[in-house]
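A, B, ... follow the sequence lines: proteins, then strands. Residue 1 opens every chain. A quick note: this is a predicted structure, and the numbers were derived from the prediction, not measured.
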Amino acid sequence: MLETSGLTLHYGGSQILHGIDFVAKPGEITCIMGPNGVGKTSFLKALAGTHPRSGGSVTMNGAALPLCRPQDMARRGLSSVPQGRMIFPLLTVRENLETAFAVLPKAEHQIPDEVFTLFPILKDFLSRRGGDLSGGQQQQLAIARALIMRPKVLLLDEPTEGIQPSVIQQIGHVLEYLKAKGDMAIILVEQYFEFAYGLADQVYVFRRGAVSFSGKVSSFDKAVLRAAVSV
Amino acid sequence: MSALLEVSGISVSFDGFRAINNLSFSIGPAELRAIIGPNGAGKTTFMDIVTGKTRPDQGTITFGERAVSLLGMSEARIAREGIGRKFQRPTVFEDQSVQDNLLLALKAARSPWCVLIWKPKASDLARVQVLAHEVGLADQLQRKSGELSHGQKQWLEIAMLLAQEPRLLLVDEPAAGMTPSEREQTTSLLVSLAKTRAVVVVEHDMDFVRRLNCRVTVLHEGAVLAEGSLDHVTRDQQVISVYLGRG
Amino acid sequence: MDGRAAGQAAKVDLTALNPNAGVRGVIAAALVPFTLSNPDPARRAEALTSIARDPTAETLAPLRASINREPDPAIKAQKTRLERFLTLRFDPDPAARVAAIDALGADTALDVRAALNPLIATTLVAAASPPDGNIARTLRLGRDIGETAAYELLVSAQLAPARLTLEDQRVALIANIADGKVVGVPVADLNSQAARDLVYTALEEAGKVPTAATDDEARAALASHGFYEVFLEPDVTVTAAAHAAMDRIQANVAVMQAADLGLDALSLAAIYFLAAIGLAITFGVMGVINMAHGEFITIGAYTGFVVQLFVPDYTLSILIALPLAFAVTFAAGVAMERLVIRHLYKRPLETLLATFGISIALQQILKNVFGTQARPLTAPGWLDGALTFNDVVSISYIRIAIFVLALLFLCSFLYLMKRTRLGLEVRAVTQNPAMAASMGINPDRINMLTFGLGSGIAGVAGVAIGLYAKVTSEMGADYIVQSFMTVVVGGVGNVWGALAGASMIGGLQKLIEFLNPANTLAAQTYMILFIILFIQVRPRGIIALRGRAAGD
Amino acid sequence: MSRSFFAKHPSVLIFIAVLAIFTIMVTLASDAYGFGWLSTSYIKTLGKTLSLCLVALAMDLIWGYAGILTLGHMAFFALGGYLIGMWLMYARTEEIVVQALAHGGLPATPEEISQGIASQIFGVVGTSDLPAIWSFAYSLPLQLALALAVPGLLALVFGWLAFRSRVTGVYLSILTQAMTLALALYLYQNDSGLRGNNGLSGLQNLPGLTETSQDLVSIWFFWASALALGLGYLTLAWAVSGKFGSVIRAIRDDEARVRFLGYPVELYKLFLFTLTALIAALAGVLYYPQAGIINPAELAPIASIYLAVWVAIGGRGRLYGAVIGAAFVSLLSSVFTSGRLPNIPLGPVWLSWVDWWLVLLGAAFVAVTLFAPKGISGVFDRYQRIAPPDRKGAPLGPADGSLQKQEAQA
């Protein structure tokens with residue numbers, strides 16, 4: 001379980017996040033929604049350690065996490081699928097997947113079959129360069145790469161952005177499968193309302209760097225939630 | 001009404017990725033225009049092209065009554081033609097005082113020799129004073145701009161733009177990182193500026209765009225998707241599907 | 001002999017019995033038929049060598065006679081070849097000589113050229129009308145022969161009087177000073193050449209000094225004579241054939257010289273590559289300007305020197321020195337990264353200055369420890385000598401070894417980067433450090449190891465360079481700017497760029513040296529000028545890649 | 001230059017006063033005009049140091065203020081020295097040759113004289129023809145004009161090439177270093193027309209002043225150097241105090257932004273590059289007659305890096321910092337390398353200052369870069385309680401990396 005309380009974040013002099021209280025449980029998909037520029041991605045960055053938070057606390061399974069670097073967060077079981085996918089364009093698909101071995105003991109340095117079951121297309125493209133894949137394939141690669149790290153918390157930042165519907169559907173299935181497995185907390189930042197609504201257990205709606213409201217998805221009326229999220 | 005800036009059919013690609021795709025756009029001499037669009041729609045690239053930072057692969061850009069082509073001009077030359085640009089992050093010269101920053105931007109000869117022998121006249125100093133007053137920095141003139149708050153830096157940068165006396169102002173996300181009251185001020189400033197010159201605002205925040213109450217251009221994948229009043233574009237099905245929530 | 005002096009004699013009285021050339025010729029001619037058919041092949045070969053060294057007309061007939069009876073095919077071929085050389089010079093029948101010349105084809109061997117050269121040797125002749133003999137060409141005054149040289153030719157042929165030198169004129173004038181005047185002109189006025197000429201002419205007219213040619217006379221003399229290059233060889237057909245053969249050979253030699261130049265360029269490129277590859281890693285991959293890179297090269301070379309102090313076997317010592325140099329400079333690099341560079345990432349100019357500080361300190365420490373004189377780093381004996389293809393193309397074994405080493409490095413570097421975990425992590429960090437960190441890769445550790453690797457390679461390059469250049473505390477500094485050039489020209493950020501840059505700079509330098517062989521310093525000047533212009537055209541180098549460093 | 005200029009920049013007045021007092025003190029301590037406390041060679045060292053301070057000023061202007069780390073300005077310095085050296089050597093040799101020929105029975109002809117000069121100067125590299133580049137060496141005004149024109153033109157052409165294609169940062173540093181190396185290698189050649197690695201010598205003897213003792217000459221050059229430094233300091237202080245200084249500091253901190261304000265950044269850089277090259281050449285003109293000898297080693301790339309070291313140790317971005325750095329390091333260097341300091345016993349070995357001075361300098365330099373980026377003049381800031389604006393660790397220059405821009409979008 002990942003928990004934050006009063007988390008704040010600054011870029012230089014400007015404050016982006018104003019005290020976020022947030023909980024994500026294993027076996028659940030916690031969705032963060034809201035329009036552009038409200039601090040969703042910044043929140044994920046604060047969690048992943050890519051940009052240090054300026055205040056507040058983060059606890060994972062009850063243990064408080066100090067301010068630490070992204071590689072330490074990765075070792076603690078947090079893996080992320082960032083916006084724009086950020087695969088390594090000049091590495092092959094296999095090499096991209098292998099970068100995830102950094103957090104695993106040497107004996108486990110092999111790509112589990114589960115990855116290819118979830119994303120069969122990657123098996124065919126193992127020796128292609130990551131940069132040569134299409135957007136949808138890159139997205140699958142990025143998710144696969146994050147899964148190999150065997151995370152306790154999985155962060156996904158707009159995985160459907162610029163992706164064709166068939167792949168979106170597939171990503172949806174994967175997320176449902178992972179949720180059913182129940183061994184990781186999934187935090188999903190998403191603007192594609194239908195997609196997010198269909199998957200999420202919990203929802204947090206952000207507005208101008210703060211949580212405007214949150215709760216179980218089932219407790220909201222769909223139309224009300226959509227209106228709240230849109231503009 | 002003849003257009004001040006006329007962009008027609010420009011395209012540009014980076015490493016095979018088409019950032020701008022046959023984009024046409026025009027703006028009148030005293031008009032306020034908002035540009036919205038999802039991430040990667042080409043908003044910043046569009047500004048880069050107009051200000052000469054990026055050279056388009058094809059298309060034409062003309063500016064002013066005599067319709068001078070901006071293509072092939074250096075950034076500095078385009079700026080001297082009368083196009084000002086405000087960046088997302090405030091970029092003021094932090095090591096220098098507010099007054100120096102404003103003097104730097106003040107409209108005057110730009111060549112090294114002229115600058116070397118230039119001395120501020122009383123009228124220049126008065127103008128700086130007026131500008132500083134306009135953005136609420138009148139009592140901060142001697143402070144180093146690095147010591148200003150984030151919002152003040154934004155204001156200083158806007159004042160610098162005014163000092164340049166541009167005929168076209170390109171503003172990239174002016175409200176980012178501002179407090180609600182600062183946003184309010186920025187809105188009214190932009191609206192009043194647009195009475196005497198063309199102002200193009202790139203913004204994410206719909207509330208902010210709504211308050212600007214102007215024509216909106218929606219960019220998507222490097223081309224214009226829709227144009228019109230905010231209400232008009234927010235009813236547009238295409239806009240809704242790519243930008244407002246795909247649902 | 002009882003040890004007493006045999007007597008005193010003046011040195012001049014004691015002359016050795018030195019047979020003159022004529023006598024020797026006679027003796028040789030008499031001996032030749034016997035030795036050429038001596039049953040001992042060694043003796044026959046020896047005889048051939050002695051004939052080749054001092055060819056005479058008399059040996060031609062016995063040589064010819066011995067060819068058919070020669071049992072040894074190698075010696076027979078040698079005899080045939082020698083027979084041609086003798087024929088083309090001494091055979092009375094011009095047709096036979098021409099045939100012998102043509103039979104040589106375009107053989108580029110030095111002895112062939114040596115045999116042909118006398119046939120096309122010429123002398124300069126000045127004469128009022130074209131002389132008899134085999135004229136090679138008529139020289140045009142001012143174009144083929146300078147006026148001064150032409151007039152000297154006339155003087156030496158006693159066709160014109162010598163011109164007056166300024167010194168002679170001065171002496172003559174001084175000799176004629178009387179009462180501070182020379183023929184009425186005050187000495188003080190003789191401070192220009194015109195005045196002196198005038199006075200000298202007056203003296204000539206007075207008959208007090210010998211008449212010397214005036215400019216007009218000299219010009220007339222030149223105009224009334226022709227200047228000719230005349231072959232020493234009287235037969236026209238022979239000289240024509242020899243010329244044709246020489247042209248063929250020259251063309252062939254040019255091709256081979258190009259090949260030789262190519263080999264030279266390749267080995268120079270290998271050296272530049274070795275020196276620059278470490279820099280390509282630290283500068284290209286990490287965006288760090290390491291001015292102390294040259295000192296790492298030096299440290300590598302000194303490591304080799306120290307190893308040789310303890311291990312006298314040169315082969316073994318080099319084998320120990322290579323990994324040891326790597327280890328030493330790797331450690332130095334890691335230490336430097338931890339202590340200094342780590343604090344200066346994203347401030348490339350400051351890195352440049354800080355590493356420069358390290359560079360001068362290291363250089364001085366090395367100087368204090370090892371002294372200023374050059375230290376030897378001796379290559380194993382089997383690397384002495386050169387691989388010789390023919391008289392034109394050859395390459396020394398040590399350069400081949402360096403080339404092989406460079407190749408080895410390229411391969412192992414590629415292996416390391418493409419096939420190992422470390423390489424994968426390095427590439428990931430280079431392409432996107434933030435994402436790599438999110439994958440659990442520690443960028444700090446990778447940066448440290450990358451820097452160590454780049455420095456370690458510099459150490460190995462130092463051993464290689466030390467083998468053929470002198471090892472001084474300043475040797476690395478000589479390579480630093482070149483290495484930077486290599487990296488910048490090649491394109492920052494990848495090993496192929498360093499390879500391309502090294503090839504281009506190596507090739508270019510050799511080419512310029514070839515065009516202007518007198519001056520290697522000028523070659524370097526022109527090369528750097530070329531590079532400055534080249535960067536205008538391709539500011540990102542030959543192989544431009546986007547990387548972290550490319551952003552700057 | 002109004003009174004308010006000094007009022008606003010008291011450091012200029014202080015500097016000029018200190019320089020004036022120093023000059024008077026040295027004059028009083030000299031052999032020629034004072035009590036002879038300082039040896040003539042030490043006066044020369046001080047004079048040379050002042051010239052070095054002048055070139056450090058130029059370096060500070062282009063690096064400290066405009067952020068362009070050029071590693072080639074000592075080449076312009078040496079070029080100025082070479083060009084003035086040509087006149088000094090020519091004119092001096094002419095006197096000697098004329099004197100020698102006067103005993104030859106006949107008065108010398110111009111041809112004999114030039115022949116004599118050529119063989120005197122170039123005998124050492126095996127020719128006796130005067131190269132074409134010495135055509136104007138007979139005339140002080142012409143050669144003096146060349147001493148400024150040639151480095152200026154070289155800087156103009158090189159700068160135009162470099163800035164036109166927007167070569168910046170370390171690339172520019174490497175490129176300027178390559179230019180210096182090319183020039184040095186060219187001068188090392190015997191047929192460069194400048195006596196190869198022999199260089200030019202005997203420059204301390206002023207033509208026409210054979211009878212004047214070096215005691216006097218040294219103090220004259222000291223005065224000239226002090227005057228040049230003072231005037232240079234005033235001019236540059238005036239230039240950087242106004243809008244020009246504001247523009248070039250802005251170029252240092254964010255050149256893209258300056259471009260968008262409408263300033264032709266490349267033109268500014270070219271202007272600065274050429275201007276500072278001219279100052280460097282002028283300093284060289286003053287330096288080498290005091291040094292007495294110049295050879296291609298003076299152009300070695302390392303000399304220009306030392307120049308950067310002086311400025312960095314003194315403190316970038318303030319003119320007095322450059323002067324303090326150059327004076328401090330070069331004087332200290334002459335103390336340590338003079339061999340007069342006692343060696344320090346370290347157990348069985350002696351630590352010799354001559355040997356270890358460079359190690360010390362290198363280490364000090366690393367320390368300054370790491371821990372005191374403002375150099376020695378940072379001390380003055382502390383005294384005046386000037387604190388830099390708190391940037392929360394953000395660098396002064398343009399935003400490094402698009403990463404932060406993307407972050408700001410989120």
Side-chain angles (χ1 to χ4, degrees), chain A residues 44-45 47-52 68-106 108-110 127 129-131 138 141-142 144-151 153-157, chain C residues 280-281 284-287 337-338 342-343 345-346 413-450 490-498 540-541 543-551:
Chain A
L44 291 197
K45 284 191 171 153
L47 292 184
T50 348
H51 194 289
C68 52
R69 298 170 301 176
Q71 61 263 36
D72 302 325
M73 288 307 288
R75 285 178 191 283
R76 286 168 203 260
L78 187 137
S79 79
S80 56
V81 180
Q83 194 176 23
R85 305 177 277 274
M86 299 287 170
I87 53 138
F88 300 104
L90 301 176
L91 301 189
T92 64
V93 168
R94 178 190 292 280
E95 288 169 339
N96 262 287
L97 294 173
E98 284 173 354
T99 53
F101 293 164
V103 297
L104 301 178
K106 189 129 199 172
E108 296 169 33
H109 280 200
Q110 54 203 20
S127 52
R129 288 208 300 188
Q138 289 188 356
L141 174 58
R145 189 177 63 175
L147 291 182
I148 294 175
M149 294 164 73
R150 289 205 223 108
V153 179
L154 178 65
L155 308 176
L156 296 126
D157 195 353
Chain C
I281 297 170
V285 175
M286 301 172 67
E337 202 274 346
R338 284 290 91 182
R342 189 165 55 106
H343 307 287
Y345 281 126
K346 297 189 176 176
F413 182 72
L414 288 175
Y415 174 82
L416 182 76
M417 291 305 267
K418 300 275 182 197
R419 293 271 176 276
T420 65
R421 180 76 208 157
L422 177 67
L424 180 69
E425 297 195 350
V426 168
R427 283 184 294 150
V429 170
T430 311
Q431 286 175 39
N432 191 336
M435 191 60 225
S438 290
M439 299 308 298
I441 297 167
N442 186 346
D444 295 342
R445 185 180 145 266
I446 294 298
N447 280 335
M448 183 181 84
L449 290 179
T450 314
V492 166
N494 69 89
V495 65
W496 298 113
R540 292 263 173 265
I543 297 175
L545 254 199
R546 282 167 305 144
R548 234 200 305 175

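How far CE of C/Met439 is from CG of A/Leu97: 8.5 Å, rounded to the nearest 0.5 Å. Atoms CD and CD1, from A/Gln71 and C/Ile441 in turn, are 9.5 Å apart once rounded to the nearest 0.5 Å.
Heavy-atom pairs under 4.5 Å with chain C peak, among A/Ala48, A/Pro89, A/Gly49, at A/Pro89. When each of A/Met149, A/Arg75, A/His109 is scored by its heavy-atom pairs under 4.5 Å with chain C, the top score falls to A/Met149.
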Intermediate values then yes/no, side chain to side chain contact (heavy atoms under 4.5 Å, CB included), A/Arg69 and C/Asp444:
CA-CA 11 Å; A/Arg69 298 170 301 176; C/Asp444 295 342; 3.0 Å; yes

Show, in sequence, the C-alpha distance, side-chain angles and deciding distance for A/Thr99 and C/Glu425, and conclude whether the side chain to side chain contact (heavy atoms under 4.5 Å, CB included) test is met.
CA-CA 7 Å; A/Thr99 53; C/Glu425 297 195 350; over 6 Å; no

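Closest of all the heavy-atom pairs between C/Ser438 and A/Pro70 is N-CB, 4.0 Å. Contact between C/Gly440 and A/Val103 at its shortest, heavy atoms only, is CA-CG1, 3.7 Å.
Within 6.0 Å of CZ on C/Arg445 lie no more than 12 heavy atoms contributed by other residues, nucleotides or ligands. No more than 12 heavy atoms of other residues, nucleotides or ligands sit less than 6.0 Å from atom CZ of A/Arg94.
In terms of modelled atom types and a separation under 3.5 Å, the side chain of C/Arg421 and the main chain of A/Glu98 share a donor-acceptor contact.
Between A/Thr50 and C/Met435 the shortest side-chain heavy-atom distance does not fall below 4.5 Å. You'll find the side chain of A/Leu90 stays beyond 4.5 Å of the side chain of C/Arg427, heavy atoms only.
Neither the backbone nor the side chain of A/Met73 comes within contact range of chain C, judged by heavy atoms closer than 4.5 Å.
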